[in-house]
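Starting off with a structure, shown below.
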Amino acid sequence: MSFVANTDRDRAEMLKVAGFAGVDGLFSDIPADLQIARLNLPDGRSESEVYDRLHNLSHRNAHNLVCFLGGGFYDHYIPACVDELASRAEFYTAYTPYQPEASQGTLQAIFEYQSAICRLTQMEVANASLYDGGTALYEAAMMAVRITGRRKILLDSGVNPIYRNILYCYTSNLSIEFCEVEVSHGQSDRQRIADSLDESVAAIILQNPNFFGGVDDFTDIAALAHAKGALAVVSAYPISLGLLKAPGSMGADIVTGEGQSLGLPLSFGGPYLGFMATRMEYVRKMPGRLVGETTDASGRRGFVLTLQAREQHIRREKAMSNICSNEALCALRASIYLSWLGKQGLRELAMLCAQKAEYAKTRFSAIPGVEVKKTTPTFNEFTLALPCDASVVVSRLVDKGFAAGYPLGRYYKGMGNYLLVAVTEKRTREEMGMLAEAMEAVL
Amino acid sequence: MSFVANTDRDRAEMLKVAGFAGVDGLFSDIPADLQIARLNLPDGRSESEVYDRLHNLSHRNAHNLVCFLGGGFYDHYIPACVDELASRAEFYTAYTPYQPEASQGTLQAIFEYQSAICRLTQMEVANASLYDGGTALYEAAMMAVRITGRRKILLDSGVNPIYRNILYCYTSNLSIEFCEVEVSHGQSDRQRIADSLDESVAAIILQNPNFFGGVDDFTDIAALAHAKGALAVVSAYPISLGLLKAPGSMGADIVTGEGQSLGLPLSFGGPYLGFMATRMEYVRKMPGRLVGETTDASGRRGFVLTLQAREQHIRREKAMSNICSNEALCALRASIYLSWLGKQGLRELAMLCAQKAEYAKTRFSAIPGVEVKKTTPTFNEFTLALPCDASVVVSRLVDKGFAAGYPLGRYYKGMGNYLLVAVTEKRTREEMGMLAEAMEAVL
Amino acid sequence: MSKLIFERSSPGRRAFNLPGLSEAEKSCRLHIPGKYFREQPAELPELSEMEVVRHFVGLSRRNFSVDGQMYPLGSCTMKYNPKICERVAALDGFSSLHPLLPQLRGGGMLTQGALEVLYETEQMLCEIAGMDAFSLQPSAGAHGELTGMMLVAAYHRDKGNRKTRVIIPDSAHGTNPSSAAIAGYSVTTVPTGPDGDIDLGKYEAALGSDVAAVMLTCPNTLGLFERDISRIAAMAHKHDALLYYDGANLNALLGRCRPGDLGFDVVHINLHKTFATPHGGGGPGSGPVGVKKHLVPFLPTSIVVKRADGTFALEYDRAKSIGYIAPFYGNFAVILRAYAYMLLLGGNGMREVSENAVLNANYILAKLKGRYDLPYARQCMHECVFSATRQLAKGVHALDVAKALIDRGIHPPTIYFPLVVKEALMIEPTETESREQMDEFISAMLEIADLAERDPKAFADMPRTTPVSRLDETKAARNMKFSA
Amino acid sequence: MSKLIFERSSPGRRAFNLPGLSEAEKSCRLHIPGKYFREQPAELPELSEMEVVRHFVGLSRRNFSVDGQMYPLGSCTMKYNPKICERVAALDGFSSLHPLLPQLRGGGMLTQGALEVLYETEQMLCEIAGMDAFSLQPSAGAHGELTGMMLVAAYHRDKGNRKTRVIIPDSAHGTNPSSAAIAGYSVTTVPTGPDGDIDLGKYEAALGSDVAAVMLTCPNTLGLFERDISRIAAMAHKHDALLYYDGANLNALLGRCRPGDLGFDVVHINLHKTFATPHGGGGPGSGPVGVKKHLVPFLPTSIVVKRADGTFALEYDRAKSIGYIAPFYGNFAVILRAYAYMLLLGGNGMREVSENAVLNANYILAKLKGRYDLPYARQCMHECVFSATRQLAKGVHALDVAKALIDRGIHPPTIYFPLVVKEALMIEPTETESREQMDEFISAMLEIADLAERDPKAFADMPRTTPVSRLDETKAARNMKFSA
Ligand SMILES: Cc1ncc(COP(=O)(O)O)c(C=O)c1O
Ligand SMILES: Cc1ncc(COP(=O)(O)O)c(C=O)c1O
């Protein structure tokens with residue numbers, strides 16, 4: 001099943017028109033010895049057989065575990081209208097809106113997405129999307145390097161360790177110097193940051209809430225950075241912005257984050273959505289596509305891709321980023337999701353998550369030997385100190401039907417007994433109670 | 001969550017505009033003692049809670065049994081494009097195309113559906129749909145009564161017993177006389193039919209394949225009926241028409257059937273799709289909506305509901321039927337499905353089903369004590385004679401993961417040991433083998 | 001011009017792909033004699049899958065719909081269809097359930113989830129309608145009416161009553177007299193009085209011992225509450241005539257007034273109206289029938305019962321049942337959507353429905369009554385019925401008003417129904433339309449009223465913005481081209 | 001004019017509905033100090049769910065798309081996206097899978113199904129591309145390029161090579177030089193020769209010991225097969241420069257010719273092109289990177305391995321790996337669609353893809369070459385690149401041709417790319433377009449060519465059939481209005 005429309009008869013006639021004796025002639029530019037007779041792959045199968053195979057494979061995953069896993073990726077409920085609208089063929093089978101008159105749907109949707117991100121983060125301009133929260137942070141780091149002309153970056157250890165790995169990976173050939181600043185008691189360490197900041201620093205990278213779930217206000221740190229001519233880059237969890245101070249109002253210069261929680265399924269790691277917002281003064285240094293408002297000849301409002309001189313297809317090796325295809329459909333989902341929630345809904349949702357997390361804490365702290373780390377306030381994710389190896393506990397809880405959280409030992413030395421637990425609006429009181437009971441039982 | 005758009009403020013302003021002091025005033029025509037203070041129902045729940053509840057309920061059904069159940073309702077594969085296209089909002093959130101200029105999509109789709117049904121059945125005109133195959137057969141019976149002015153109907157016992165029950169139910173106040181003609185050796189009994197046919201008979205109702213799976217050619221019976229001025233009504237399984245002689249070419253006057261197999265999910269009994277086709281001479285006696293081709297002022301082709309004088313909204317108590325809302329979206333699905341299959345696909349699909357059924361027969365006939373009834377040729381469904389009560393066997397096979405078929409004892413006296421087994425293209429050789437082995441084990 | 005799918009066909013094209021046969025299967029010979037085969041395959045269209053997709057995507061774009069436009073089609077309750085209801089209806093555990101599965105073990109043990117949905121839906125409908133039991137089997141409103149009439153007949157037969165007539169007001173929907181007739185009754189029509197209620201005197205005169213039932217819609221199709229309903233009920237019951245409720249307009253009363261409390265003995269409810277299941281371009285619907293105690297024994301086969309142990313079962317053995325009105329349990333996937341909708345709304349949400357539906361209609365009524373004639377100058381319930389008589393004086397018909405609305409991006413109201421109103425414009429905004437959207441509709445209607453006065457000829461070639469302009473209906477009826 | 005969603009907002013409207021809290025939960029106090037709270041909620045739009053739905057349904061109708069129109073956008077391979085792939089991507093068992101789940105037990109034991117998908121996809125891609133291993137992590141083509149360049153750098157670092165330059169032909173897509181630069185290399189551009197192949201002499205001259213890699217697209221962006229590919233490869237390898245394959249155009253070779261056999265060391269493949277995953281209005285995509293043996297140790301972390309017992313695991317501990325280029329395993333749901341597509345096609349179907357893609361392009365080439373200038377008069381592969389120079393002589397630009405096509409219901413080809421062709425019109429029909437549809441396109445192009453000769457001024461106000469006409473791009477750049 002190759003989805004080819006034409007029949008043998010069509011092909012015969014077309015070959016004639018095009019002046020070929022046979023199909024092989026079409027490939028005569030390819031030296032014969034470089035052609036293969038056939039791929040060593042099985043023949044195609046029918047739709048129903050392929051469905052059966054994938055359906056069976058889908059059942060070979062423990063997706064039914066009650067999910068307390070977070071770590072930057074959250075099990076929020078996705079309203080049905082997000083799926084329905086984002087699966088409109090006109091959206092998902094279109095491509096980048098190079099022809100604006102034939103793409104006003106996509107363009108306006110992205111413009112609205114950019115607007116929503118600006119409002120959420122309290123920043124002035126947001127791009128059309130980047131691959132994910134991690135590469136967005138890398139792009140922010142490089143943007144800071146471009147803006148400041150400096151090559152050193154301070155990195156708070158509360159930033160998602162996966163993202164820190166991404167930063168290291170991408171910059172390994174670029175002589176960028178990173179300086180990790182350890183959190184103290186789960187919170188960004190002002191003293192160490194102040195000590196590390198100097199005129200060589202391009203940016204300090206922070207995360208709110210940080211990887212341990214801790215909530216912070218980085219206004220003072222941003223001020224410290226600015227005093228040294230450095231930028232403040234903040235990676236944020238968008239749902240938390242329903243409740244928490246926006247990075248823009250803390251003085252952040254670049255805000256990035258993972259948009260998965262905005263109506264995207266977890267889907268085993270992607271596609272996700274990197275968002276990025278900044279101040280207008282930096283817009284020409286920003287990577288990624290950008291939609292702007294304009295008018296047509298009769299004055300009707302319309303939208304186009306703009307400031308393209310930043311991009312690879314115009315600037316080639318001098319572009320701000322090499323990104324081309326981004327995550328447009330994911331941005332659309334986020335936009336629909338945020339429109340569904342609206343001003344009040346996002347706030348209520350954030351409250352709900354926070355409140356439930358507080359309840360979960362009361363249940364866990366009642367378990368002998370378990371300590372809820374309370375050094376910092378938290379939003380919907382928090383750290384438990386267990387009396388034994390967290391990864392062992394977690395594995396036992398899988399048998400009880402729970403994905404109980406993320407053991408911190410993998411990325412934080414000496415934290416082998418610590419467990420990161422996330423709570424979303426989908427977790428019921430009963431589920432939290434059952435997890436607490438199960439945990440008590442397996443300890 | 002009532003999906004109401006307006007806010008309290010909107011409501012207050014609107015009440016003022018409309019001249020009401022409060023909401024209660026809107027209902028002042030209803031005597032106060034006939035109003036209630038509140039419904040004794042729980043408060044509304046959120047979308048995610050409702051989803052959870054329904055998701056849980058959906059798992060409390062044995063839908064994963066490997067399905068050899070048929071009886072007129074079949075587990076065919078539904079191509080993904082049928083779901084995707086039929087769930088276009090513009091189709092499913094529209095209503096009956098009363099305003100043709102704003103409904104050309106629905107109207108053309110129905111016109112194409114009517115065309116496909118005509119081609120499938122080899123009849124001249126098909127209506128826009130009826131509720132299901134059973135009520136379609138009842139409508140056909142009444143149509144025959146209207147056409148002939150006679151009130152007696154011969155009913156082959158090979159007609160689906162559920163449909164026979166429906167015929168009896170609907171006509172119980174209408175002094176219609178039914179005469180059931182027993183099949184002999186699983187096939188319509190020509191002699192008995194000839195003996196029962198006389199000038200008082202409005203129609204003979206037949207089914208192909210019949211309920212036992214037997215395939216027939218009713219040309220001779222139709223001729224017998226016509227000779228007595230009676231109509232031949234045939235209920236057909238549309239997938240079988242990929243291979244089998246069409247009722248139209250047997251001389252049938254009215255053809256009906258259940259369209260579920262044309263891309264509709266089994267969905268525990270509905271919504272289904274009753275189709276009906278007839279000769280042009282009877283079109284004014286036909287129930288149901290009908291779409292016809294016409295043109296607009298500039299000669300562009302368009303489609304409208306037509307011959308509405310047959311219908312209730314014009315003719316009221318003299319209408320051909322009381323049907324109003326029908327199964328338009330199901331007809332759309334059928335039309336998409338048939339377009340996906342196309343001329344060759346339907347034939348190949350029918351072949352596939354028939355061939356697989358033959359294979360299944362070889363497996364079952366190898367089981368000691370099991371006999372495959374071979375008195376008539378079959379299409380994709382056939383009857384097994386078991387050495388014991390079929391319903392007991394079926395219940396045991398449920399534990400092995402099979403819906404093994406339909407025990408005939410419920411509707412046919414003396415057939416307690418008989419099992420009706422259906423095979424579709426979805427059943428693999430492995431599944432058929434496993435069922436045969438399981439059956440041998442439980443006997 | 002949009003091509004027919006048959007006109008896009010090209011021999012040998014294929015969208016289909018089917019599983020192959022194993023050698024073992026292939027080697028089995030078909031035992032069907034040649035004479036049973038069809039000679040030529042059916043001339044279905046041959047297209048690639050992409051061509052099929054483009055064809056139907058293209059068709060869909062030639063439709064107005066609730067998700068695209070305001071759709072104030074009176075009597076049809078074109079409210080928003082929540083997307084979550086589509087999601088639950090698609091759940092595998094429901095959509096792939098064979099209807100004969102309950103019979104394979106212990107009266108439904110294999111389908112407990114589905115039976116619970118049916119049972120709970122019935123229970124909720126009983127509370128909502130004030131009835132004692134429901135059957136969910138009817139596939140639409142008219143199907144419910146016919147079922148109801150068969151229940152009426154069974155009731156009278158059981159009591160030994162000889163009844164031949166059904167009384168129906170002249171404002172009734174066509175399905176009412178049609179259903180009564182098809183059930184074997186003759187129909188007596190009673191006129192509407194000057195204030196839009198049934199003419200009580202004529203009604204009383206029409207009653208008699210041969211009357212099996214009185215069929216009413218309430219509020220009636222004029223969007224007006226039948227104020228004498230209690231007397232109407234009492235008078236019918238005096239003759240042992242049953243009172244039938246056409247529930248098409250239940251949206252007006254939801255959570256505030258129950259047909260059962262008004263004296264109705266049999267009701268049907270349109271789940272595709274009041275309970276937000278999508279209309280599908282003309283179905284599928286679902287028209288459950290509810291009855292008071294005295295009619296319970298006659299309900300269609302089967303019914304869902306709850307056993308003492310909390311499990312659910314299907315009961316088939318019911319001596320007085322009218323029998324099979326549907327092959328199984330009704331349009332299950334439609335019922336499922338309605339069930340989800342009811343859970344979403346709850347009792348509180350349902351009351352909001354009627355409050356807002358009625359308010360919205362009265363808001364439109366207030367804004368338009370200066371410019372369109374109101375045949376019955378009363379407050380309305382969930383819909384308001386105007387007459388285009390004033391426009392007609394200039395030669396502009398209700399149909400013209402409708403076509404002008406299409407050009408303004410709004411689906412027209414129901415026109416020419418109810419029949420008792422000349423040039424009727426029957427407007428039902430439903431509770432889900434926003435004030436802003438209604439204001440747009442109102443402006444459009446006022447603009448149209450202006451235009452009718454100023455330039456009545458302008459309507460002749462409307463609509464102009466649609467893929468086709470006004471279609472020749474006479475030609476369609478004459479040419480009788482019903483298939484390609 | 002289509003309102004912005006913010007302009008449809010009305011205070012207090014709500015589409016959202018959220019679960020309630022139990023009393024126990026409610027009674028828990030938040031321990032977040034006031035200073036951490038935001039002062040004002042974000043000004044997100046407030047609408048009812050129906051309003052949200054109508055807004056986005058309305059927007060969708062302002063788009064061209066593959067499911068709506070022919071979309072011969074060169075270099076983008078806008079082929080049909082099979083619907084079954086959407087269905088499998090939506091399966092709960094995949095879509096609700098948390099990416100950290102593999103870490104909760106034994107290296108992936110909780111996600112065996114998902115890992116099998118990844119593993120098998122990699123295996124199939126290896127066979128298709130003739131490579132030894134694949135990483136599925138890159139999220140798009142450009143991401144794959146960057147990953148590839150990082151692999152190149154790691155390879156040279158490991159060998160102690162000192163390399164600073166990457167050679168790229170002038171016809172290359174902008175992402176190529178950009179990716180090389182972002183990976184830390186300087187870029188040397190080599191011109192295209194007169195016949196559309198790379199200028200071999202200049203290429204040889206550009207080579208040197210400091211060249212880390214040569215990035216090629218093949219067929220190149222002119223739609224022409226690079227006939228000297230073997231020599232190009234040999235010359236690069238002589239300098240220990242690696243040959244990088246931009247797989248954007250793999251559709252031309254599928255099942256017939258493998259980049260690995262041509263001498264490429266690193267390749268990326270665009271699953272959203274060759275493997276039919278939908279383009280989503282500009283992503284998400286997926287750009288897996290494949291390598292020959294000598295580069296395997298450097299592949300990103302993690303990789304999927306098959307254990308001796310047949311189970312699958314994620315390997316993280318890889319000393320020479322370049323590290324994390326994505327948070328997890330790539331755009332899984334995109335990969336899943338491509339996997340399903342590969343199973344559907346099989347080896348035989350893939351060969352049909354290239355045969356038909358190339359035939360379709362040559363058919364269009366043959367039909368249009370009389371009326372549009374062909375800068376390189378050779379047979380093409382999967383796309384053909386014309387130049388509107390002849391039209392330009394009359395004042396009609398490639399842009400005008402594009403807008404005229406829009407009015408004829410066809411999405412324009414890629415224009416002004418590749419940069420080496422003046423007024424480029426880059427046409428890629430893909431294998432899924434039918435002959436009839438291409439004939440429509442051809443007629444439209446010929447009609448446009450006629451019009452350009454007859455009435456070149458007619459183009460100025462095209463397109464006329466779209467919701468907006470030509471937009472003022474300068475104004476957009478000047479006004480810098482990027483949000484509402
Ligand atoms: C008042 C009234 N009664 C009955 C019906 C018939 O309902 P259905 O179309 O579901 O059969 C309708 C349908 O519009 C109606 O408006
Ligand atoms: C030749 C070529 N290379 C690279 C790319 C970049 O691919 P992506 O958009 O997936 O990043 C494209 C995209 O159009 C392309 O055409």
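Because the structure is a prediction, the values reported are computed rather than measured. So that the names make sense, note that chain A is the first sequence line, chain B the second, and so on, each numbered from 1.
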query = So, does B:Tyr170 use its side chain to make a donor-acceptor pair with the main chain of C:Ile325 at under 3.5 Å?
reply = yes
task = Check each of C:Phe328, C:Tyr329, C:Phe94 against B:Phe268 using the ring-ring contact (aromatic ring centres under 6.0 Å, His included) test, and report the only one that passes.
result = C:Tyr329
ask   = Quick check: does any side chain N or O of C:Arg38 sit under 3.5 Å from a backbone N or O of B:Leu241, one acting as donor and the other as acceptor?
value = yes
ask   = Between B:Lys356 and C:Glu25, is a salt bridge (Lys or Arg N to Asp or Glu O under 4.0 Å) present by the stated rule, with each step listed?
value = CA-CA 6 Å; B:Lys356 281 182 173 282; C:Glu25 290 162 318; 2.8 Å; yes
task = With side chain to side chain contact (heavy atoms under 4.5 Å, CB included) as the test, would you mind laying out the steps for B:Leu307 and C:Phe482 before giving the verdict?
result = CA-CA 10 Å; B:Leu307 297 199; C:Phe482 308 125; 3.7 Å; yes
query = In terms of heavy-atom proximity below 4.5 Å to chain B, should C:Met480 be classed as side chain, backbone, both, or neither?
reply = both
C:Arg435, part contacting chain B, at a heavy-atom distance under 4.5 Å = both
ask   = Mind checking whether C:Val468 and B:Arg301 have side chains closer than 4.5 Å, heavy atoms only?
value = no
task = For the pair B:Ser115 (side chain) and C:Ser483 (backbone), establish whether a donor and an acceptor sit closer than 3.5 Å, ignoring hydrogens and angles.
result = no
query = What part of C:Ile5 gets closer than 4.5 Å to chain B, counting heavy atoms only: side chain, backbone, both or neither?
reply = both
note = The interface call for C:Arg29 against chain B, heavy-atom contacts under 4.5 Å, is backbone
query = So which part of B:Arg38 gets closer than 4.5 Å to some heavy atom of chain C, the side chain, the backbone, both or neither?
reply = backbone
message = Taking the six-membered ring of C:Phe56 as reference, does the cationic atom of B:Arg88 (NZ for Lys, CZ for Arg) lie under 6.0 Å from its centre and within 45° of its axis?
response = no
ask   = In terms of heavy-atom proximity below 4.5 Å to chain B, should C:His411 be classed as side chain, backbone, both, or neither?
value = side chain
ask   = Can you say whether C:Tyr80 sits under 4.5 Å from chain B via the side chain, the backbone, both, or neither, judging by heavy atoms?
value = side chain
request  = Examine C:His143 together with B:Tyr131 and report whether their ring centres are nearer than 6.0 Å.
outcome  = yes
request  = Go through C:Asn360 and B:Asn6 one step at a time and tell me if the side chain to side chain contact (heavy atoms under 4.5 Å, CB included) criterion holds.
outcome  = CA-CA 9 Å; C:Asn360 284 359; B:Asn6 289 330; 3.4 Å; yes
ask   = Under 3.5 Å, is there a donor-acceptor pair between the B:Ser395 and C:Arg105 side chains?
value = yes
ask   = Taking all non-hydrogen atoms of both residues, which atom of B:Glu101 and which atom of C:Leu471 are closest, and how far apart?
value = OE2-N, 3.7 Å
ask   = Does a side chain donor of either C:Ser178 or B:Asn322 reach within less than 3.5 Å of an acceptor in the other side chain?
value = no
key: Pairs of heavy atoms under 4.5 Å with chain B: top-ranked of C:Ala477, C:Ala140, C:Pro45, C:Ala484   = C:Ala484
inquiry  = Both conditions, 6.0 Å and 45 degrees, for the charged tip of B:Arg119 above the ring of C:Phe6: are they met here?
reply    = yes
ask   = Relative to chain C, which segment of B:Val291 carries a heavy atom at a distance below 4.5 Å: side chain, backbone, both, or neither?
value = backbone
ask   = When you check the side-chain N and O atoms of C:Glu352 and B:Ser2, is any donor under 3.5 Å from an acceptor?
value = yes
query = Is it the backbone or the side chain of B:Pro42 that comes under 4.5 Å from a heavy atom of chain C, or both, or neither?
reply = backbone
ask   = Contact part of C:Ala326 toward chain B, heavy-atom cut-off under 4.5 Å: side chain, backbone, both or neither?
value = backbone
key: Heavy-atom pair with the smallest gap, counting every atom of C:Leu4 and B:Gln108   = CA-NE2, 3.6 Å
task = Measure C:Val53 against the heavy atoms of chain B and call it side chain, backbone, both or neither at under 4.5 Å.
result = both
query = For the side chain of B:Asp29 and the backbone of C:Phe225, is there at least one donor-acceptor N/O pair under 3.5 Å apart?
reply = no
ask   = In terms of heavy-atom proximity below 4.5 Å to chain C, should B:Leu69 be classed as side chain, backbone, both, or neither?
value = both
query = Are the side chain of B:Glu90 and the backbone N or O of C:Ser60 linked by a donor-acceptor pair below 3.5 Å?
reply = no
message = Just by distance, no angles: are the side chains of B:Gln35 and C:Arg256 close enough, under 3.5 Å, to form a donor-acceptor pair?
response = yes
key: B:Thr428, part contacting chain C, at a heavy-atom distance under 4.5 Å   = backbone
key: Side-chain donor-acceptor contact under 3.5 Å, B:Thr106 with C:Asn63   = yes
key: Heavy-atom contact with chain B under 4.5 Å, split by part of C:Arg470   = both
task = Enter the distance from C:Tyr363:OH to B:Phe20:CZ here, rounded to the nearest 0.5 Å.
result = 14.0 Å
key: B:Arg410, part contacting chain C, at a heavy-atom distance under 4.5 Å   = side chain
ask   = Counting only N and O atoms by type, is there a donor-acceptor contact under 3.5 Å from the side chain of C:Arg62 to the main-chain atoms of B:Gln104?
value = no
